[in-house]
Amino acid sequence: MGSHQNDSVSKHDQSHLDIHHKIAHQKELKQHIVSFAMMIFLTMLSFIAVASEAISTRFAILFILVLAGIQAAFQLYIWMHLSHKGHQYPTWGIFFGIGVAATCVAAGAAMIW
Amino acid sequence: MRAEETMNKLPANPERATLEGKNKFLGFWFFLGGETVLFASLFGVYLGLRKATNGGVTSQELFELPLVFIATMLLLTSSLTAVFATMSLKSQNFKAMIGWLVITVILGFSFLGLEIYEFNHYVHEYEHTIRSSAWGSAFYTLVGTHGAHVLFGVSWITLLIVRNFGRGLNLYNAPKFYVAALYWHFVDVVWVFIFTVVYLMGKVG
């Protein structure tokens with residue numbers, strides 16, 4: 001899909017473009033609903049893992065941290081559209097932030113006695 | 001341009017069609033990178049101090065999972081309605097976009113209501129305050145900073161709705177709506193880590 005349209009776009013081409021937009025729109029809508037269901041599911045898994053007596057503390061902590069990471073990736077790539085075209089710089093920006101963030105967390109968590 | 005005007009259409013990605021829009025989009029993502037670091041410093045401190053209860057109430061005794069679960073669902077759903085608003089923006093359906101944003105704001109306020117109830121409960125029933133222990137300070141600073149972001153987000157989106165209500169969607173306000181929705185998603189990303197690191201990890205010990 002071109003990023004700009006000009007005078008030469010005919011009515012026919014326009015309706016063609018509209019149909020393409022519509023199909024893309026429907027596809028995206030489905031994707032969002034699927035990721036919403038996934039996130040609800042992951043959240044429930046986390047809560048169940050913690051509420052359940054059968055799962056050891058150590059494993060539960062590791063498990064919920066991994067699930068949180070997956071949920072964050074869903075949010076960033078699908079809901080915040082990082083996977084779409086034209087997001088190279090934002091990706092660099094946010095990953096730079098995440099890199100510094102991980103260092104911060106490691107420092108804070110490990111170095112406070 | 002004329003073809004678009006006569007058919008009353010904006011370009012395919014109206015939020016990034018102008019230079020100003022492109023700059024806002026890029027600048028906002030860098031801002032979110034910085035916000036990530038802000039929250040990371042608070043998370044790091046929280047992880048270091050989460051057992052420092054000073055003889056007071058512990059996280060296992062304090063937290064109630066049902067309340068946290070409801071708050072999580074409210075915020076997660078509001079993130080979905082915000083993404084629907086962004087989709088309506090892209091398909092240039094102004095009314096639908098405003099509708100989804102109004103629902104987002106309502107869900108955001110409900111979340112805030114729960115949080116206020118929760119903090120009030122902790123302070124008055126358990127005497128767990130920001131001054132009672134190092135853990136208390138870390139807890140209220142981290143969760144409170146997130147709450148302040150939610151408050152800022154709902155105020156921002158409300159102002160956008162009110163200011164642009166009679167205007168319709170155009171290349172000037174499309175980036176504003178888009179960026180506000182991004183902010184809202186980010187607030188939800190932070191909450192994912194709060195419910196995991198603070199509440200769930202606090203519950204298992």
Side-chain angles (χ1 to χ4, degrees), chain A residues 1-9 11 14 17 21-22 25 28-29 32-33 36 39-40 43-44 46-47 49-51 57 60-61 64-65 67-68 71-72 75-76 78-81 86-87 89-98 100-113, chain B residues 1-4 7 9 11-13 16-17 22 25-26 28-49 52 65 68-69 72-73 76-77 79-80 82-84 86-87 90-91 181-182 185-186 188-189 192-193 195-197 199-201 203-205:
Chain A
M1 206 66 47
S3 60
H4 57 83
Q5 298 151 351
N6 53 39
D7 290 311
S8 63
V9 175
K11 263 230 160 77
Q14 186 59 49
L17 281 175
H21 273 301
K22 234 182 195 150
H25 189 86
E28 212 190 317
L29 187 72
H32 287 313
I33 290 170
F36 180 66
M39 276 150 79
I40 297 268
T43 305
M44 284 184 169
S46 292
F47 275 84
V50 168
T57 302
I61 289 179
I64 60 177
L65 283 178
L67 290 191
Q71 275 212 56
Q75 287 263 1
L76 285 169
I78 295 175
W79 285 9
M80 293 167 85
H81 302 102
H87 281 73
Y89 283 114
T91 307
W92 277 106
I94 200 78
F95 272 96
F96 190 64
I98 290 171
V100 178
T103 317
C104 266
V105 170
M111 290 170 74
I112 302 175
W113 58 94
Chain B
M1 255 342 242
R2 198 176 303 139
E4 285 154 26
M7 280 184 273
K9 281 232 158 159
N13 287 309
R16 276 179 287 159
K22 276 193 190 100
F25 169 78
L26 193 56
F28 199 78
W29 269 104
F30 284 138
F31 165 72
L32 290 183
E35 287 272 284
T36 308
V37 178
L38 165 78
F39 277 103
S41 64
L42 298 177
F43 273 109
V45 169
Y46 184 86
L47 282 169
L49 297 175
L65 288 186
V68 182
F69 186 73
T72 305
M73 286 301 138
L76 196 59
T77 311
S79 209
L80 179 74
V83 92
F84 283 162
T86 306
M87 287 195 70
K90 294 212 178 205
S91 58
L182 276 185
H185 291 309
F186 179 78
D188 194 31
V189 173
V192 167
F193 288 101
F195 88 69
T196 303
V197 171
Y199 292 100
L200 293 183
M201 274 173 64
K203 206 65 194 172
V204 288

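Quick caveat: nothing in here was measured; it's all calculated off a predicted structure. Order of the sequence lines sets the chain letters (A, B, ...), proteins ahead of strands, with each chain counted from 1.
If you measure heavy-atom distances from B/V204 to chain A, the contacts under 4.5 Å come from both the backbone and the side chain. Residue contact with chain B, scored on non-hydrogen atoms closer than 4.5 Å, is absent for A/A107. With a 4.5 angstrom heavy-atom cutoff, B/V68 touches chain A via backbone and side-chain atoms both. Of the two parts of A/L67, neither the backbone nor the side chain holds a non-hydrogen atom closer than 4.5 Å to a non-hydrogen atom of chain B. Using a 4.5 Å cut-off between heavy atoms, B/S79 touches chain A through backbone and side chain atoms alike. Residue B/T196 touches chain A through both its backbone and its side chain, counting heavy-atom pairs closer than 4.5 Å.
With a 4.5 Å cut-off on side-chain heavy atoms, B/W29 and A/T91 do not count as touching. Using a 4.5 Å heavy-atom cutoff, the side chains of A/L65 and B/V197 are in contact. Side-chain contact check for B/F186 versus A/L76: every heavy-atom pair is 4.5 Å or farther apart. Taking 4.5 Å as the limit, some side-chain heavy atom of A/Q75 sits within range of a side-chain heavy atom of B/L76. In this structure the side chain of B/F25 reaches within 4.5 angstrom of the side chain of A/H87, judged on heavy atoms. Side-chain contact between B/T86 and A/H81 is present, with at least one heavy-atom pair separated by less than 4.5 Å.
Contact tally against chain A (heavy-atom pairs below 4.5 Å) for B/F28, B/F193, B/F43: the top residue is B/F193. Ranked by heavy-atom pairs under 4.5 Å with chain B, the list A/A68, A/S46, A/A102, A/A49 is led by A/A68. The most heavy-atom pairs under 4.5 Å with chain A, out of B/L80, B/T77, B/V189, B/L65, come from B/L80. Highest contact tally toward chain B, considering only A/I78, A/T103, A/I40, is held by A/I40 [criterion: heavy-atom pairs under 4.5 Å]. Taking B/M73, B/K22, B/K90 one by one and counting their heavy-atom pairs under 4.5 Å with chain A, the maximum is reached by B/M73. With chain A as partner, the option from B/T72, B/V45, B/D188, B/L42 having the largest number of non-hydrogen pairs under 4.5 angstrom is B/D188.
Between the OH atom of B/Y199 and the CD1 atom of A/I64 there is a distance of 13.5 Å, given to the nearest 0.5 Å. To the nearest 0.5 Å, the span separating NZ on B/K203 from CD1 on A/I61 amounts to 14.0 Å. In this structure, B/L26 CG and A/Y89 OH are separated by 8.0 Å, a value rounded to the nearest 0.5 Å. With values rounded to the nearest 0.5 angstrom, A/C104 atom SG is found 9.5 Å from B/L38 atom CG.
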From CA spacing to verdict: side-chain contact (heavy atoms from CB on, under 4.5 Å), A/M80, B/L32: CA-CA 12 Å; A/M80 293 167 85; B/L32 290 183; 3.6 Å; yes
Query raised in the report: Is there a side-chain contact (heavy atoms from CB on, under 4.5 Å) between A/T43 and B/F195 once you walk through the steps?
Result: CA-CA 9 Å; A/T43 305; B/F195 88 69; 3.8 Å; yes
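Within 6.0 Å of CZ in A/F96 there are 12 or fewer heavy atoms belonging to other residues, nucleotides or ligands.
Note: A/F47 and B/F69 have perpendicular aromatic rings, judged against thresholds of 30 and 60 degrees for the angle between ring planes.
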